[in-house]
Amino acid sequence: MGSVASKPARKLARAPPAWAGARTPSTGEQAPASRYPTPRASEIKDESIEQDSKDPHFMANLSRLGQVRAVDRAQRLFQTRLQSEDEARSARPPHNHLVAGALIDLLEERKYVSTPKDLIQLANKYDIDHKKVENLARYVNSVSIHQDSVKRWVSDDGEERTTMIATWIDPKVQEERLQLGSGR
């Protein structure tokens, strides 16, 4: 049943099928001449090489794209890299730049200021514009925990667990207002 000897032998065709070689020219026929002449290598540009290099569609596409301003982009890239390298060599971070740890410290200290003057002094301490600090603090803050939300318990497997709720704390800045005519 499964033996190879019990299977009939595969018989191959003795003559090629009628469709075989339909695309290849027979020995008596010549292949049709191609539309373009075969390329020729030359050290001197002759008329055929000049004619081959003229492509009106290519030139139209190039002029539609316009002039490339790679020099401006490359120059800007080199300038930013140079500035970045200078900043990296400096022992003091540049104005309005902070590492992550210093940013967290700034945001934490910001929570406890009480006057606009203190906010400005804090920004100056970290060498940042106070308006930038306030703009950043609209979206970013350091982690604060709502103290009434802390819950601790021991789970069934004996592990102590703690849950808490994070909260957003803004500084309680009291506006220093001068009342006109009051002398206060």
Side-chain angles (χ1 to χ4, degrees), residues 36 39 41 45 49-184:
Y36 300 105
K45 286 186 182 180
I49 293 175
E50 287 288 334
Q51 200 64 354
D52 185 46
S53 69
K54 294 178 182 173
D55 185 356
H57 299 293
F58 179 67
M59 291 306 292
N61 288 338
L62 280 179
S63 57
R64 190 175 343 125
L65 284 174
Q67 188 177 16
V68 178
R69 296 184 193 129
V71 175
D72 296 340
R73 291 181 183 150
Q75 187 177 15
R76 197 173 334 128
L77 175 72
F78 289 130
Q79 286 175 348
T80 55
R81 283 186 182 172
L82 194 71
Q83 179 184 0
S84 177
E85 289 174 3
D86 289 343
E87 290 172 2
R89 279 189 227 114
S90 173
R92 183 172 176 250
H95 184 67
N96 287 336
H97 287 92
L98 287 177
V99 294
L103 177 61
I104 290 171
D105 293 342
L106 168 69
L107 292 171
E108 191 64 32
E109 289 180 43
R110 181 184 168 273
K111 293 177 186 177
Y112 302 105
V113 297
S114 57
T115 65
K117 186 177 180 181
D118 292 340
L119 278 173
I120 293 171
Q121 287 175 349
L122 180 65
N124 290 339
K125 174 182 170 183
Y126 285 93
D127 195 25
I128 292 186
D129 296 332
H130 72 280
K131 290 184 179 183
K132 290 211 184 249
V133 172
E134 290 307 306
N135 190 32
L136 176 68
R138 291 173 49 200
Y139 305 103
V140 180
N141 205 344
S142 62
V143 178
S144 299
I145 305 299
H146 190 274
Q147 291 302 321
D148 297 337
S149 71
V150 178
K151 294 181 180 141
R152 292 186 174 94
W153 74 93
V154 178
S155 64
D156 294 338
D157 60 356
E159 187 176 332
E160 183 180 357
R161 301 212 181 235
T162 305
T163 62
M164 58 198 76
I165 296 175
T167 185
W168 188 282
I169 297 177
D170 282 320
K172 294 177 174 69
V173 176
Q174 299 170 355
E175 292 292 326
E176 297 174 349
R177 294 185 182 133
L178 293 174
Q179 296 178 352
L180 294 176
S182 66
R184 291 188 201 179

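Along the sequence shown, the residues carry numbers beginning at 1. Keep in mind the model is a prediction, meaning the values are calculated, not measured. All values below come from the heavy atoms of this structure, side chains included, with hydrogens, waters and symmetry mates left out.
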Point-to-point distance, once rounded to the nearest 0.5 Å, from [atom1] of [X] to [atom2] of [Y]:
{"X": "L82", "Y": "L77", "atom1": "CG", "atom2": "CG", "value": "11.0 Å"}
{"X": "K151", "Y": "R161", "atom1": "NZ", "atom2": "CZ", "value": "15.5 Å"}
{"X": "N141", "Y": "I169", "atom1": "CG", "atom2": "CD1", "value": "7.5 Å"}
{"X": "I120", "Y": "H130", "atom1": "CD1", "atom2": "NE2", "value": "4.5 Å"}
{"X": "S114", "Y": "L119", "atom1": "OG", "atom2": "CG", "value": "9.0 Å"}
{"X": "Q121", "Y": "T115", "atom1": "CD", "atom2": "OG1", "value": "7.0 Å"}

* Report the C-alpha separation of L106 and L136 in whole Å, then their side-chain angles, then the decisive distance to 0.1 Å, and conclude whether the side-chain contact (heavy atoms from CB on, under 4.5 Å) test is met. => CA-CA 11 Å; L106 168 69; L136 176 68; 5.6 Å; no
* Contacts of type salt bridge (Lys or Arg N to Asp or Glu O under 4.0 Å), residue D170, not counting sequence neighbours ->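 So D170 forms no salt bridge (Lys or Arg N to Asp or Glu O under 4.0 Å) with any residue.
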Give a yes or no on whether the backbone of [Y] and the side-chain of [X] come within a donor-acceptor separation of less than 3.5 Å.
{"X": "H95", "Y": "D127", "value": "yes"}
{"X": "N96", "Y": "D129", "value": "yes"}
{"X": "S84", "Y": "T80", "value": "no"}

* Asked: Closest approach of A123 and V133, non-hydrogen atoms and distance?
  -> CB-CG2, 4.0 Å
* **Closest heavy-atom pair and its distance - L98, Y126** =>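 So the two residues come closest at CD2-O, 3.8 Å.
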* Quick one: list whatever passes side-chain hydrogen bond (donor to acceptor under 3.5 Å, both in side chains) with H57, sequence neighbours left out. =>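 side-chain hydrogen bond (donor to acceptor under 3.5 Å, both in side chains) check on H57 returns nothing, list empty.
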* To do: Could I get the full list of side-chain hydrogen bond (donor to acceptor under 3.5 Å, both in side chains) partners for E134, not counting sequence neighbours?
  => R110
* Taking it one step at a time, do Y112 and D118 satisfy side-chain contact (heavy atoms from CB on, under 4.5 Å)? -> CA-CA 9 Å; Y112 302 105; D118 292 340; over 6 Å; no
* Heavy atoms of other groups near D156 CG, more than 12 under 6.0 Å ->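 Not buried by this count: 12 neighbours or fewer within 6.0 Å.
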